[in-house]
Amino acid sequence: MREVILKAVANPPKILWAPYLTAFINLGLQFPIMFISMSMFKSNPIIFMGTIAIGHIAAIIYGAKEPHISAMIMSFGASAKKTTNLYRVRGNKFAP
């Protein structure tokens, strides 16, 4: 049982060698741009297959350098919330 836990922590999930969250972010940004460009400018979608591949290769390179980038992105989303202060002070104070 320990091996499974250590393997999951040491090897985060990947999609075609890229961390899964960065791969989904790449597709989530590229597909709407592709469809909008196809509808507005009558452009060829083959061009965007190249940009998707370039973005995926960049995600692979960055994922090799920092394999836990997906966890870092998710933790940033949870910690980037603004706090509300009960009393008027300068900056954010983490007081309830």
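The basis for the numbers below is simple: all heavy atoms, side chains too, and nothing from hydrogens, waters or symmetry mates.
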Any residue meeting side chain to side chain contact (heavy atoms under 4.5 Å, CB included) with Leu21, in chain and number order, not counting sequence neighbours:
Ile25, Ser70, Ile73, Met74

Please name the pair of heavy atoms, one in [X] and one in [Y], separated by the smallest distance, quoted to 0.1 Å.
X: Ile15; Y: Tyr20; value: CD1-CB, 3.8 Å
X: Pro12; Y: Pro67; value: CG-O, 3.1 Å
X: Ala59; Y: Ala18; value: CB-CB, 4.1 Å
X: Leu27; Y: Pro32; value: O-CD, 4.1 Å

Give me the other members of the hydrophobic cluster that Ile61 sits in, counting Ile, Leu, Val, Met, Phe, Trp and Tyr linked by side-chain heavy atoms under 4.5 Å, directly or via other members.
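Ile57, which link up through side-chain heavy atoms under 4.5 Å apart, make up the rest of the cluster.
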
In the single-linkage hydrophobic clustering (I, L, V, M, F, W, Y; side-chain heavy atoms under 4.5 Å), do Leu29 and Phe31 co-cluster?
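No.
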
Please confirm whether the backbone N or O of Leu16 pairs with a side-chain atom of His56, one donor and one acceptor, at under 3.5 Å?
yes

Check residues 40-55 and write down every donor-acceptor pair under 3.5 Å in which the side-chain atom is one partner and the other belongs to a residue at least two apart or another chain.
from  : atom 1 : to    : atom 2 : distance (Å)
Ser43 : OG     : Ser37 : O      : 3.4
Ser43 : OG     : Ser37 : OG     : 2.8
Asn44 : OD1    : Ile46 : N      : 3.3
Thr51 : OG1    : Gln30 : OE1    : 2.9
Thr51 : OG1    : Phe48 : O      : 2.9

Check whether any side-chain heavy atom of Ile69 sits under 4.5 Å from a side-chain heavy atom of Tyr62, and report yes or no.
yes

